[in-house]
Amino acid sequence: MRHGTHVGANKNAAQSVSDGDRENAPHLLSSLLYSRRVDGVIQPRSSIGPFLEDAMPPSPQSPIATLAHGLERVLFNPGVQWLQDPRSQVYSFTTWLEKIVPVKNFAFERLTSFLPSSRDQDLYVVAQREGRKYAGSTSSMSGLLSQLYYLISGDKPVDTSNLSKSFRTQPQTFTPGQRGAASVILNYRNGVYLIDSAGDAVPGLSGKNVLTWMGTLLEKFLTHSPSEFLRLTRSSDDPTAMAEGPKREAYRYAKSDKFILRSQLDCFDHRLPGTGVFDIKTRAVMTIRHDLLNFEENSGYQIRTVQGLVESFEKEYYDLIRSAFLKYSFQARIGNMDGVFVAYHNTKRIFGFQYIPLSEMDARLFGESAVGDAVFEKCLLLLEVVLEEATRELPYQSIRLTAEKLEGDNNLRVFLEPAEWDEELHGSKPVIQLDVSTKSYIGEMAASGSNAVDRSNFPWTVLWTVSKSALEPHILRRNLTATRRRAFYPLYLPDGVGMRDMEKVWHELQFNPVAPVEVPFKAELFRPPPRSVQVLRRLSRKGRDCLESTTRKLEGRPKLVLGLPNDAEEVAQFVALAHGDAGGVAHLASSGGRSDSDAVDSPTAIGPSTEPRVSEGMHGQDRSGVEVANVVSDNQGATHSGVVPPITELGTADPSTVDTGDRSSRIKEPTRRPEVVPLETPLALETNAGDSDDFISEKTLAHLEEMLSEDQRRIVEDQDGLSAGARSRLLSRLVHHRPGAGSKSVQLIKDLRRHLRDADKMDKPSPVVQEDRTRHAA
């Protein structure tokens, strides 16, 4: 075979052992616990060039979209680009982008819905034409590829060395949500297996996730002019004006030895290297991701700085490294893309933008930007091996496959079940467990998985073994149940909503009123918010208060936009129409950056007034991805005729910031902002990965609690509102988290103790005053 894979059955592994012997003879060789074992080798590639080859699409496709609103400047300026400079309040881009259109105002039904692999006739036609056995999209493939990467890399940590020193002690592992089991359905059709994501544990659960819809909305928001975007809102008088034409969305179809892979192509700019194609990713802030049902209140969270453990772009970038870069890198390679365009938001407003090239993601994941292609190749070839064994075990039928690589384990567990099974007719559904293991060699020298990835620019060979477990059926079923349980993360009750009220709130939570989907209410899905989530909610409330205070201070001042002197007046009408506030047009144009209605939505709990819900099958942020040459040529005429010269963000020109010299870091370090030192002692923590996302580390949680104490100065100023008992409890909590002698945190605690003592002295009246008060009380 072209990639050098060899499969051979180990006949000695298929030894029969009785049930009694297996349970009562622990001294038997572990190999006897397997009823079948095959092994082989993935050899280094002898050819140079792309691993995937283009496959021509059978149907005409729409041209790839381009960025609107001058956002193409972000593609050519390293680092984060503020939408509005926090120091001068000057906008780098049009004020149209400042406030996100409410989800309930967007007409999702006017768009082409997401097309799963099993319903994509073009994908099936290409697989038949090219003689490939498996076909899938980026959304269904990236989870499996990630699990295989954890296996062959030996749980290699990510590289966060480009971040500030605040993150030097933060975890460098992938997040629990990122590591959660991947589950897919192999839909069998005339010799071809079309791979779909297995979906939610509760059917339709993703429809209750505001981020599912936000991704679709923001993609159109960033690539359409205001007048074009309005046609996709419910305020449009002509709902058919933006009806999709007969052409399909733009896709790339690519082929390997056994696969046809599909990738949706989001955006294009001919000035970028390679094909000029890139992906659009919308990234919600951490309070939204960790506490999805409380998104109304959590939208008060603000990004205030470039660096820092909280309320910063750097924190969101750090979370991206650990929770999203791996799947982004796989998706970009399947689509032959240059990188990803990221918009940071809190569901109500956009804070800024960043373009992250594929080479930068590779450097953060693998340590070097040059090894990503070799990693992708090894993972895809190993996936072909696993699927060959899976379809051998359950031939000519659809299969539900679940794969999980536990951290620290040397095996990848793959569970197989028939996708369609009648238990009344055939009894319990069978479960098959395959254990996959690998060994790496650099040249002829054995190497750990982590070292092999580091040195994969040298000849890298992977030896693999796939073994079928001979454990008892009830044990296999228990293993599968435990795997699925680990992949489940609870939903936290919104603020002010108890379990009794949650069922009503759940059914009223809709995001597309035209096509609502009912999701069964199951009480076991919900939990009271743990301490970590309560801290985030307090931080969101604090952020909302600060934003409203800033809004009041700026009220009456004109909005200043770099290079667009009359922007506020020109877009005011569009903003009012899109947000359903036609009466506020005049006020929007001169409101000190925001109108009263534009500040933030009222911090109410989710209820009947929240955004309504989307048709089944449409997935906002997991949308997958034409022959790229054809699409690129179609887009040459679609790009802007004038090239906008790139400029740096306003924050770079600010004399209070300096470039640290490492342009690959894409993070600029402010020199005037005092460093906030996180507390070091671990705290008890309950994690919530939310939408397959990251968790809050213990040290970050401690840092959050320190910030949420209103900082030391505010504590001293507000001593009148604290009883002696409250002050004692606060001090004891800080002392409990003392990191050790000699650190800055210890000094902070000592200073706080001194301030509290001084405050106590100030609170105590003089003897004369005390005597007067006693006499007056008598």
Between Asn298 (side chain) and Asp291 (backbone), is there a donor-acceptor pair under 3.5 Å?
->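 It does hold such a pair.
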
Where the side chain of Arg413 meets the backbone of Leu434, is there a donor-acceptor pair that is under 3.5 Å apart?
->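 No: the side chain of Arg413 does not pair with the backbone of Leu434.
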
Is the closest side-chain donor-acceptor distance between [X] and [Y] under 3.5 Å?
X	Y	answer
Glu311	Tyr301	no
Ser450	Ser448	no
Asn410	Ser437	no
Thr175	Ser323	no
Ser166	Gln307	no
Gln172	Asp159	no
Asn187	Asp196	yes
Ser256	Glu384	yes

Got a sec, which residues hit ring pair (Phe, Tyr, Trp, His ring centres under 6.0 Å) with [X], two or more places apart in sequence or on another chain?
X	value
Phe221	Trp96, Phe229
Tyr150	Phe174
Tyr193	Tyr134, Tyr188

Can we say Lys315 and Asp319 salt-bridge, meaning some charged N sits less than 4.0 Å from an Asp/Glu carboxylate O?
-> yes

Sequence neighbours excluded, which residues qualify as side chain to side chain donor-acceptor pair (under 3.5 Å) partners of Arg179?
-> Asp155

Listed by chain and number, what are the side chain to side chain donor-acceptor pair (under 3.5 Å) partners of Ser440, not counting sequence neighbours?
-> Trp460

In terms of ring plane angle, is the pair Tyr318 and Phe167 parallel, tilted or perpendicular, where the classes change at 30° and 60°?
->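 Taking Phe167 first and then Tyr318, their aromatic rings sit tilted (interplane angle of 30° to 60°).
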
Asp120: what forms a salt bridge (Lys or Arg N to Asp or Glu O under 4.0 Å) with it, not counting sequence neighbours?
->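 Asp120 satisfies salt bridge (Lys or Arg N to Asp or Glu O under 4.0 Å) with Arg248, Arg262 only.
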
Centroid separation Phe313 to Phe351 less than 6.0 Å =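 No; Phe351 has its ring centre 6.0 Å or more from that of Phe313.
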
Are Phe366 and Phe325 close enough that their ring centres sit under 6.0 Å apart?
-> no

Nearest non-hydrogen partners of Ala65 and Asp266, listed with the distance =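 Scanning both residues completely, I find the closest heavy atoms to be CB-O, 3.6 Å.
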
